[in-house]
Every structure is written in structure tokens, then in C-alpha cells.
Amino acid sequence: MPEKQAVPSPGDLEQQTPEQIIAGAESAHPAALYVLASKLMRAGRPDEAVRWFYIGQLRYRFHLMTGPPNAADERILFSALSESVGRPINEYAFGDIDGVVREIDAALAWDAAHANHITSKSAFPGPLAKTRDGLVALRDDMLARKDEIRETRKSNGLPNR
């Protein structure tokens, strides 16, 4: 089983381009994938940001379900990143439900096709399946509530695409 790695320092990630972070994504702590999503958003690549945000969220939730040694600190960081990075990305993403569903499907496919050197998929198949099922349920709920989401956004002054 791979050894659990520490959260990367923000300075290390700030020096890397999105492409460099993507190249190392299989070995990246999930927090790095949130940083990647934020960088992509700032670079005017919002659809990619949505995909990498959901890859990061999937991997972070999976990581937390396995009970990492520093779980309390990890949960705090996860919560902070979900708010600071996730809020603006989801505000964009939910403007096009079909688009966010495509990106969630791409996130699920990427995760299935790539190794996870931070949290072993083979050592924790139950938590992995539960985490993936949760993201599928979110996707399916979005599709089922597509018109409602559009109307809520409209009434809140948010654009639909």
C-alpha cells in the first residue's frame, strides 16, 4: 500500500503550470487538484477547471473515507478548499447542467483510468465505490432537477448558458 503523503505546500504548486500538475496528477495529493482547478479557472479554462475540481473532490472524499492519520487536519483543508475553490467553480458549472454532467463523467472516467498513488484503490475498494457512487448520484440529481436549477439561478440573478 502506498505511503500517505503530506499535503503539498502552496508555494510548490504556485510555481507549477497546470500542465505540470496534470502530468503528476496520479501522485498528487487531492488538494493539489483543487489548486489546479483554481489555476485553470483563472486562466480562462473553466470547463477544464470543473473537471479537475470534481476529480479532486472525488479523490479527496475517497482519501478522507480511508481514515488518513491526519484526518482532522485533512477535513479542515477539504472544507476550506471546497468553499474557496468549489464555490466559484460550481457557480460557473451549474449554469450549464449538460456541461457539468459531461465534466463529471469525464472526471469519473479519468479517475477510473488512472492510478491513485495517494490512496490505494485496491486496498480500499469499498470506500472507492461509495465515493464514486456519491458523485454519480450528484450527477443524476442535477439531471433530474435541471429545470429547477435553471429557474433558481434565474431568480437569483445568475446566468444560465
Side-chain angles (χ1 to χ4, degrees), residues 1-2 4-5 7 21-22 25-41 45-68 70-161:
M1 173 166 42
K4 306 263 184 194
Q5 296 180 2
V7 177
I21 299 171
I22 290 168
E26 290 182 352
S27 298
H29 185 281
L33 304 178
Y34 277 72
V35 172
L36 169 61
S38 182
K39 282 179 169 252
L40 290 166
M41 201 69 175
R45 296 161 62 181
D47 294 325
E48 289 175 84
V50 171
R51 180 179 332 123
W52 284 101
F53 168 73
Y54 280 105
I55 292 169
Q57 184 181 79
L58 175 66
R59 290 200 167 200
Y60 218 143
R61 287 183 185 278
F62 170 50
H63 180 63
L64 290 171
M65 285 187 74
T66 66
N70 55 344
D73 292 339
E74 291 273 12
R75 281 186 178 77
I76 291 167
L77 180 58
F78 173 73
S79 179
L81 288 169
S82 294
E83 177 63 25
S84 65
V85 175
R87 181 180 292 251
I89 288 175
N90 278 327
E91 186 175 301
Y92 166 82
F94 278 61
D96 177 6
I97 298 302
D98 292 331
V100 71
V101 164
R102 279 191 301 277
E103 296 305 332
I104 287 172
D105 286 342
L108 287 161
W110 186 93
D111 179 69
H114 290 83
N116 185 336
H117 298 296
I118 300 299
T119 310
S120 171
K121 293 178 179 184
S122 61
F124 300 103
L128 177 61
K130 185 173 181 178
T131 306
R132 291 179 61 84
D133 289 348
L135 187 53
V136 168
L138 173 68
R139 179 203 64 199
D140 293 349
D141 183 62
M142 284 182 210
L143 283 172
R145 296 180 40 239
K146 183 177 174 178
D147 292 338
E148 176 188 342
I149 292 168
R150 290 182 64 78
E151 284 305 312
T152 300
R153 286 179 63 86
K154 183 178 176 183
S155 68
N156 289 333
L158 295 171
N160 289 302
R161 298 184 309 283

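Using a 4.5 Å cut-off on side-chain heavy atoms (C-beta onward), Thr131 and Leu135 make no contact. Between Met142 and Val100 the shortest side-chain heavy-atom distance falls below 4.5 Å. Asp96 has its side chain within reach of Arg102: a pair of non-hydrogen atoms, C-beta onward, lies under 4.5 Å apart. Between Glu103 and Asp47 there is a side-chain heavy-atom pair separated by less than 4.5 Å. The shortest side-chain heavy-atom distance between Leu138 and Tyr54 falls under the 4.5 Å cut-off. Looking at Arg51 and Trp110, their side chains never come closer than 4.5 Å, going by heavy atoms from C-beta outward. Asp98 is listed as a side-chain neighbour of Lys146, based on a closest heavy-atom distance under 4.5 Å.
Once rounded to the nearest 0.5 Å, the distance linking CE of Met65 with CG of Leu128 reads 9.5 Å. Atom CD1 of Ile149 and atom CG of Leu158 lie 12.0 Å apart (nearest 0.5 Å). Separating the CZ atom in Arg150 from the CZ atom in Arg145 is a distance of 14.0 Å, to the nearest 0.5 Å. Distance CG/Asn160 to NZ/Lys154: 8.5 Å, rounded to 0.5 Å. Separation of atoms CD1 (Ile21) and NZ (Lys39) is listed at 5.0 Å; rounding is to 0.5 Å. Between Tyr60 atom OH and Ile118 atom CD1 the span is 10.5 Å, to the nearest 0.5 Å.
In terms of modelled atom types and a separation under 3.5 Å, the side chain of Arg153 and the main chain of Glu91 share a donor-acceptor contact. The main-chain N or O of Ile76 is never found under 3.5 Å from a side-chain atom of Ser79 such that the two would form a donor-acceptor pair. The backbone N or O of Phe78 lies less than 3.5 Å from a partner atom in the side chain of Ser82, making a donor-acceptor pair. The main-chain N or O of Tyr92 is found under 3.5 Å from a side-chain atom of Arg161 such that the two form a donor-acceptor pair.
Cation-pi geometry between Arg132 and Phe62 is not satisfied (NZ or CZ under 6.0 Å from the ring centre, within 45° of the ring normal).
Nearest heavy atoms, Ala28 versus Ala32: CB-CB, 3.9 Å. Minimum interatomic distance between Ala37 and Ala49 (heavy atoms only, all atoms of both residues): O-CB, 3.3 Å. The two residues Lys121 and His114 make their nearest non-hydrogen contact at NZ-O, 2.6 Å. The shortest heavy-atom contact between Pro30 and His63 is CG-CB, 4.4 Å. Residues Ser122 and Pro125 approach most closely at O-CD, 3.4 Å, considering heavy atoms. Here the closest non-hydrogen pair linking Asp105 and Arg139 is OD1-NH1, 2.7 Å.
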TODO: Give the intermediate values and the outcome of side-chain contact (heavy atoms from CB on, under 4.5 Å) for residues Leu77 and Asp73.
DONE: CA-CA 6 Å; Leu77 180 58; Asp73 292 339; over 6 Å; no

- [ ] Go through the steps for Val35 and His29 under the test side-chain contact (heavy atoms from CB on, under 4.5 Å), then give the verdict.
- [x] CA-CA 10 Å; Val35 172; His29 185 281; over 6 Å; no

Open item on the list: side-chain contact (heavy atoms from CB on, under 4.5 Å) for Trp52 and Ile22? Distances and angles first, verdict last.
Closed with: CA-CA 9 Å; Trp52 284 101; Ile22 290 168; 3.8 Å; yes

